[in-house]
Amino acid sequence: MNNSIKRIGVFTSGGDAPGMNACIRAVVRTAIYEGKKVSGILHGYQGMIDKNIIDMNSRSVSNILQLGGTILKTARCLDFRSPEGRQKAYHNIKAEGIDALVAIGGDGTFTGAEVFSREFDIPVVGIPGTIDNDLYGSDFTLGYDTANNTVIDAIDKIRDTAASHDRLFFIEVMGRDSGCIALNCGIAGGAEAILLPEKETGIDELIAKLENAAKDKKTSTIVIVAEGDKNGGAYNVAKRVQEKFDFYDAKVTILGHLQRGGSPSSFDRVLASRLGFAAVKNLLRGETRIMVGLRGNEIVTTPLEEALRSKEFKLAEDMIEMTNVLAI
Ligand code: ATP
């Protein structure tokens, strides 16, 4: 055990994701169980710079396991990108007695954590918390499963009204660079077509699919559009499709930030607990500048540098092929 660590600082940063609270709870309780003190840093890196830091104990994290969002708040912090900002942050956390960090967030958060840890030789472990599922080194990120369930629920509801009116719906889901939510939810929701950032689909190709669906007497059609699709988002796609194909009345739904909220699924609660527990255990074992993640059913670690540098194509080929087959 690394006895030089006396107080661990935990924070959430970047986009919030369901499961962050369950993860904070696991970090706090594991650290306290191991005889360490814990500080909660509010608003991510901004809280380090503003010295917005609270003392936490086991009771500070009572009754939060099931809550969406993050009790520690989150922020995007421009000042932390400068050496002066990070110097101030270091000065403030040192003054609080924090000598190790657990960072819950996405790739931006890990980039900041990696730089900070090197500059000031402070141990840090990252936990992948983002609904996008876009980090190398973990099959799943915190919040992804819950976001999928939220999107599927929305697709089912839209399907009811689409089928009643014989309509074509374009549903835009989150994912600027990652089509994980779009592909997964498109399959689970029985979408007729799925547009992904990783794979270009031309408008003519899409129209051909829709024409086939109409010929086969489908009473409703749903197209899932990831926000990062190269055609420019659901409104643009709908407009361009309707110019050439007006068989159905077309509607657009942008699911937006509701995908970020809600009570975490059981999968996310368990993942959050395992990753929070593993993060503290690894810190106390003397590990630093690593991310904890899930591979298969095992908790694994990946150097932060590698997690940031490596690109992983997370879309399974069979799922991409299946989108055409199961939509006939
Ligand atoms: P999400 O994937 O949900 O967007 P994220 O962690 O990638 O989450 P970002 O806003 O990209 O979110 O990053 C969070 C914070 O990390 C930034 O606001 C900034 O304070 C810090 N950060 C990002 N990149 C750097 C960098 N190159 N150097 C220092 N700090 C950085």
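For ligands, and for the atoms within them, numbers begin at 1 and follow the listed sequence. Residue indices begin at 1 and follow the sequence shown.
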J.: Just need the protein heavy atom nearest to atom 15 (C) of ligand 1, so name the residue and atom and give the distance.
T.: Ser13 OG, 3.6 Å
J.: Any idea which protein heavy atom is nearest atom 8 (O) of ligand 1, and the distance to it?
T.: Gly15 N, 3.5 Å
J.: Could you tell me whether some N/O pair between Gly14 and ligand 1 is separated by less than 3.5 angstrom?
T.: no
J.: Just to confirm my output: which protein heavy-atom neighbour is closest to atom 6 (O) of ligand 1, and how far is it?
T.: Thr109 OG1, 2.5 Å
J.: Pick whichever of Arg86, Arg81, Glu119 has a heavy atom sitting closest to atom 25 (C) of ligand 1.
T.: Arg81
J.: Using a plain distance cutoff, I'd like to know if Gly108 has any nitrogen or oxygen under 3.5 Å from a nitrogen or oxygen of ligand 1.
T.: yes
J.: Where do Asn297 and Arg274 land on the side-chain hydrogen bond (donor to acceptor under 3.5 Å, both in side chains) test, with the steps shown first?
T.: CA-CA 11 Å; Asn297 194 25; Arg274 290 181 79 182; 2.7 Å; yes
J.: Under 4.0 Å from ligand 1, counting heavy atoms only, is it the side chain of Phe80, its backbone, both or neither?
T.: both
J.: Decide whether an N or O pair under 3.5 Å exists between Thr111 and ligand 1.
T.: no
J.: In ligand 1, which numbered atoms sit nearer than 4.0 Å to a non-hydrogen atom of Thr130?
T.: 2 (O), 3 (O)
J.: Between the main-chain N or O of Pro264 and the side-chain N or O of Arg269, is there a donor-acceptor pair closer than 3.5 Å?
T.: yes
J.: Using a strict cut-off of less than 4.0 Å between a Lys/Arg side-chain nitrogen and an Asp/Glu carboxylate oxygen, indicate whether Glu192 and Arg159 qualify as a salt bridge.
T.: yes
J.: List the closest protein heavy-atom neighbour of atom 20 (O) of ligand 1: residue, atom name, distance to the nearest 0.1 Å.
T.: Cys77 O, 2.6 Å
J.: Identify the protein heavy atom lying closest to atom 10 (O) of ligand 1, giving its residue, its atom name and the separation to 0.1 Å.
T.: Arg76 NH1, 2.6 Å
J.: Ion pair present between Glu198 and Lys314, side-chain N to carboxylate O less than 4.0 angstrom?
T.: no
J.: Could you go step by step and tell me if Ile181 and Tyr144 meet the side chain to side chain contact (heavy atoms under 4.5 Å, CB included) rule?
T.: CA-CA 8 Å; Ile181 291 180; Tyr144 172 64; 3.8 Å; yes
J.: Tell me whether Glu96 is salt-bridged to Arg7, with the criterion being a basic N under 4.0 Å from an acidic carboxylate O.
T.: no
J.: Is it true that Asp204 and Lys244 make a salt bridge, defined as a side-chain N closer than 4.0 Å to a carboxylate O?
T.: yes
J.: If the contact criterion is a heavy-atom separation under 4.0 Å, does Asp132 count as touching ligand 1?
T.: no
J.: If the threshold is 4.0 Å, N to carboxylate O, is there a salt bridge linking Arg118 and Glu114?
T.: yes
